[in-house]
Q: 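The structure is given below, and queries will be raised subsequently.
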Amino acid sequence: MTTVGSLTRAQLGEHLAGPGIHLRTGRFTTLLRSPIASVADGIHLLYGDYPLREGFADFHLDLVRPVTLRRWLRPQVTLLYDGRSMFKPLPLDQAFPMFEWGLNWCVSSRANRYLIVHAAVVEKAGRAVILPAPPGSGKSTLCAALVGRGGWRLLSDELTLLRLDDGKLHPLPRPISLKNASIGVIREYVPGSVMSRAVTDTVKGTVAHLRAPADSVARAGEAALPAWVVFPRFEAGAAVTAEPMPRADTFMQLAQNCFNYSLLGAEGFTALADLVERSQGYRFRYGVLDEALAFFDSLP
């Protein structure tokens, strides 16, 4: 099997600038093209374990520099989906984060054979924890710690994909997005972690991406059963508290975090109700990562 890592950085750059690469992430294949060096740098650093496939692609993405006067003054990058510009241009320095955000958009707006929850999801022994949370809640920091130090398998940092036919969670392991102070926290907490360079002044502040574990990528075809839904909230120095939630509250809060719950109609309602029925919900507050990981290890 050919992987991104089987190409040298120079070869990868040539492919991206020419015909592109068919990058396989979970069930999805993206035909990606870009002559921008930072895109090739990010793919080479963080996607080395991912397969390269030929043939059909679910998504066609191009990251290019707009042909305007700003090409030379404050240069920008544009993301094209199927040849069309879907988003406003960003500063050129944000080209790799734009790829990550664009691929999230592709899945969340097109993959409607799943119920899609805006949440991280990790698994151990076949049972998964779903971690929905708004920005600033510490969700990605907690996800990175669970994967990097806690022995959990990464299914996704951003998008929980619930299969409508059997209620299992399908993996979409990709780099974990870290922001602001969490970048330094995870560098220290997970020694040896591979992380992209920090990009400043984005709409999300300073961002960097953490490479997904090779084992999580290799097991991208292995679904997991949902067992817990944990709504995390970080408060510096706070002791761990975990308040069990009534299933009705868990259902309503999960529905608010779904991208396509209304679109799926009765199918979406049934899938979400089944997920909540088989899962225990918690409101979870933490301030120290070691204590947070101990709680997850104690889940019944």
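Small disclaimer: the values here were computed from a predicted structure and weren't measured.
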Q: Would you say that Met195 contacts Ile186 through its side chain, given a criterion of any heavy-atom pair below 4.5 Å between the two side chains?
A: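 Yes - at least one pair of side-chain heavy atoms lies under 4.5 Å apart.
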Q: What closest approach, in Å, do Leu210 and Ala144 show between heavy atoms, and which atom pair accounts for it?
A: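 Answer, listing the atom of Leu210 first, then Ala144: CD2-CB, 3.8 Å.
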Q: Just grab all the ring-ring contact (aromatic ring centres under 6.0 Å, His included) pairs involving residues 199-246, residues at least two apart or on different chains.
A: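 Residue pairs passing ring-ring contact (aromatic ring centres under 6.0 Å, His included), neighbours aside: Phe96-His209, Phe234-Tyr286.
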Q: According to a hydrophobic-cluster definition based on side-chain heavy atoms being under 4.5 Å apart (Ile, Leu, Val, Met, Phe, Trp, Tyr only), do Ile183 and Val207 belong together?
A: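 Unlinked, Ile183 and Val207 end up in two clusters.
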Q: Side-chain contact, heavy-atom cut-off 4.5 Å: Thr78 with Lys88?
A: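 Thr78 vs Lys88: side chains apart.
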Q: Are the side chains of Thr25 and Leu23 in contact, using a 4.5 Å heavy-atom criterion?
A: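 Yes, close enough: below the 4.5 Å cut-off.
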Q: Answer yes or no: is there a side-chain heavy-atom contact under 4.5 Å between Lys124 and Leu146?
A: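 Of all side-chain heavy-atom pairs linking Leu146 with Lys124, none is under 4.5 Å.
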Q: Give a yes or no on whether Leu32 and Leu79 share a hydrophobic cluster (residues Ile, Leu, Val, Met, Phe, Trp, Tyr; joining criterion: side-chain heavy atoms under 4.5 Å apart).
A: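 Looking at the clustering, Leu79 is in the same group as Leu32.
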Q: How close do Val217 and Asp49 get, heavy atom to heavy atom, and via which atoms?
A: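 The pair with the smallest heavy-atom distance is CG1-O, 3.7 Å.
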Q: Under a 3.5 Å distance rule, please check whether Arg197 uses its side chain to pair with a backbone N or O of Ala208 as donor and acceptor.
A: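 Not a single qualifying donor-acceptor pair exists.
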Q: Output, in order, the C-alpha distance, side-chain angles, deciding distance and verdict of ring-ring contact (aromatic ring centres under 6.0 Å, His included) for Tyr282 and Phe295.
A: CA-CA 11 Å; Tyr282 292 95; Phe295 164 77; 5.7 Å; yes
Q: To the closest 0.5 Å, what do you measure between CG (Leu92) and CE (Met98)?
A: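 Rounded to the nearest 0.5 Å, the CG-CE separation comes out at 11.0 Å.
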Q: For the side chain of Thr270 and the backbone of Glu267, is there at least one donor-acceptor N/O pair under 3.5 Å apart?
A: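 The answer is no, because no donor-acceptor pair under 3.5 Å joins these two groups.
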Q: What's the verdict on salt bridge (Lys or Arg N to Asp or Glu O under 4.0 Å) for Asp93 and Arg74, showing C-alpha distance, side-chain angles and the deciding distance?
A: CA-CA 10 Å; Asp93 191 49; Arg74 298 180 182 175; over 6 Å; no
Q: Would a distance-only check, ignoring hydrogens and angles, find a side-chain to backbone donor-acceptor pair under 3.5 Å from Ser182 to Val185?
A: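 No; zero donor-acceptor contacts below 3.5 Å.
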Q: Give a yes or no on whether the backbone of Thr2 and the side-chain of Ser6 come within a donor-acceptor separation of less than 3.5 Å.
A: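 No, the answer is negative, given that no donor and acceptor are paired below the 3.5 Å cut-off.
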Q: Pair Ile116, Thr160 - check side-chain contact (heavy atoms from CB on, under 4.5 Å), show working.
A: CA-CA 6 Å; Ile116 307 171; Thr160 296; over 6 Å; no
Q: Can a salt bridge be assigned to the pair Arg278 and Asp274 using a cut-off of 4.0 Å between side-chain N and carboxylate O?
A: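 Answer for the salt bridge query: no.
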Q: Hey, quick one: are Val194 and Phe99 part of the same hydrophobic cluster, counting side-chain heavy atoms closer than 4.5 Å, chains of contacts allowed?
A: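 Per the 4.5 Å side-chain linkage, Val194 and Phe99 are co-clustered.
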Q: Are a donor atom and an acceptor atom from the side chains of Tyr81 and Asp62 found within less than 3.5 Å of each other?
A: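 There is no such pair between these side chains.
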Q: Kindly give the heavy-atom pair with the smallest separation between Leu162 and Ala271, and that separation in Å.
A: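 In this case the closest contact between Leu162 and Ala271 is CD2-O, 3.6 Å.
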Q: Would a distance-only check, ignoring hydrogens and angles, find a side-chain to backbone donor-acceptor pair under 3.5 Å from Thr206 to Thr200?
A: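 Checking the backbone N and O of Thr200 against the side chain of Thr206, no donor-acceptor pair under 3.5 Å is found.
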Q: Output yes when Glu158 and Lys139 qualify as a salt bridge under the 4.0 Å nitrogen-oxygen rule, no when they do not.
A: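 Counted as a salt bridge, because a side-chain N and a carboxylate O are separated by less than 4.0 Å.
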Q: Any idea which heavy atoms bring Ala95 and Leu63 closest together, and the distance?
A: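 What the structure gives for the nearest pair is O-CD2, 3.7 Å.
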Q: Count the heavy atoms of every other residue, nucleotide or ligand shown that sit under 6.0 Å from CZ of Phe269, and state whether that count exceeds 12.
A: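 No, the 6.0 Å shell around CZ holds no more than 12 heavy atoms from other groups.
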Q: Are the charged groups of Arg9 and Asp41 less than 4.0 angstrom apart, N to O?
A: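 Salt bridge: yes.
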Q: Is atom NZ of Lys168 surrounded by more than 12 heavy atoms (other residues, nucleotides or ligands) closer than 6.0 Å?
A: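 Incorrect, the count does not exceed 12.
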Q: Can you confirm whether Pro75 sits close enough to Arg65 that some side-chain heavy atom of one is under 4.5 Å from a side-chain heavy atom of the other?
A: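 Heavy-atom side-chain distance check passes, below 4.5 Å.
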Q: Enter the distance from Leu272:CG to Leu264:CG here, rounded to the nearest 0.5 Å.
A: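 Taking CG in Leu272 and CG in Leu264, the distance rounds to 10.5 Å.
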Q: Is a donor from one side chain sitting under 3.5 angstrom from an acceptor on the other, for Arg24 and Thr29?
A: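 Yes.
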Q: Between Asp165 and Arg113, does any NZ, NE, NH1 or NH2 come within less than 4.0 Å of an OD or OE carboxylate oxygen?
A: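 Looking at Arg113 and Asp165, the cut-off is not met.
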Q: What distance separates Ser279 OG from Arg127 CZ, expressed to the nearest 0.5 Å?
A: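 Taking OG in Ser279 and CZ in Arg127, the distance rounds to 9.0 Å.
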Q: Examine Ile21 and Val77 and state if one hydrophobic cluster contains both, with Ile, Leu, Val, Met, Phe, Trp and Tyr joined whenever side-chain heavy atoms are less than 4.5 Å apart.
A: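 Yes, Ile21 and Val77 fall within the same hydrophobic cluster.
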Q: Can any side-chain N or O of Gln256 pair as donor or acceptor with the backbone N or O of Gln253 at less than 3.5 Å?
A: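 No, Gln256 side chain to Gln253 backbone: no donor-acceptor pair under 3.5 Å.
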Q: Is Asp157 reaching over with its side chain to a backbone N or O of Ser177, donor-acceptor style, under 3.5 angstrom?
A: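 Yes, Asp157 side chain to Ser177 backbone: donor-acceptor pair under 3.5 Å.
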Q: Just so I know, are the side chains of Leu155 and Arg153 near enough to count as touching, which here means a heavy-atom distance under 4.5 Å?
A: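 Leu155 reaches Arg153 side chain to side chain.
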Q: Going by heavy atoms in the side chains, are Arg219 and Glu123 under 4.5 Å from each other?
A: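 Counting from C-beta outward, Arg219 and Glu123 do come under 4.5 Å.
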Q: Nearest heavy-atom pair of Lys204 and Asn180: which atoms, and what distance?
A: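 The answer is O-ND2, 3.5 Å.
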Q: Cation-pi check, Arg163 to Tyr114: give yes when NZ or CZ is under 6.0 Å from the six-membered ring centre and within 45° of the ring axis, no otherwise.
A: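 No, cation not above the ring by the 6.0 Å, 45° rule.
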Q: Find the distance between CG (Leu169) and CG (Leu225) and round it off to the nearest 0.5 Å.
A: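 One gets 7.5 Å once the value is rounded to the nearest 0.5 Å.
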Q: Is the ring pair Phe87/Trp105 parallel, tilted or perpendicular, if the boundaries are 30 and 60 degrees?
A: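 The arrangement is perpendicular - the two ring planes meet at more than 60°.
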Q: In terms of hydrophobic clustering (I, L, V, M, F, W, Y; side-chain heavy atoms under 4.5 Å; direct or indirect links), are Leu80 and Leu16 co-clustered?
A: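 Unlinked, Leu80 and Leu16 end up in two clusters.
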Q: Using the rule given for side-chain contact (heavy atoms from CB on, under 4.5 Å), can you reason through Arg149 versus Leu293, listing the C-alpha separation, both sets of side-chain angles and the distance that settles it, and then say yes or no?
A: CA-CA 8 Å; Arg149 286 271 294 270; Leu293 267 58; 3.9 Å; yes
Q: Determine the minimum heavy-atom distance between His22 and Gly55, stating which atoms define it.
A: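 Here His22 and Gly55 meet closest at NE2-O, 3.0 Å.
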Q: Go through Val117 and Tyr261 one step at a time and tell me if the side-chain contact (heavy atoms from CB on, under 4.5 Å) criterion holds.
A: CA-CA 9 Å; Val117 186; Tyr261 171 73; over 6 Å; no
Q: Determine whether Leu142 and Phe284 satisfy the following criterion, side-chain contact (heavy atoms from CB on, under 4.5 Å), listing intermediate values before the conclusion.
A: CA-CA 11 Å; Leu142 181 58; Phe284 179 67; 4.2 Å; yes
Q: From Leu289 CG over to Thr141 OG1, what is the distance, rounded to the nearest 0.5 angstrom?
A: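 Separation between the atoms: 7.0 Å.
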Q: Do other residues, nucleotides or ligands put more than 12 heavy atoms under 6.0 Å from Asp166 CG?
A: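 Yes.
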Q: If you define the side chain from C-beta out and look only at heavy atoms, does anything of Val230 sit under 4.5 Å from Phe296?
A: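 They are in side-chain contact.
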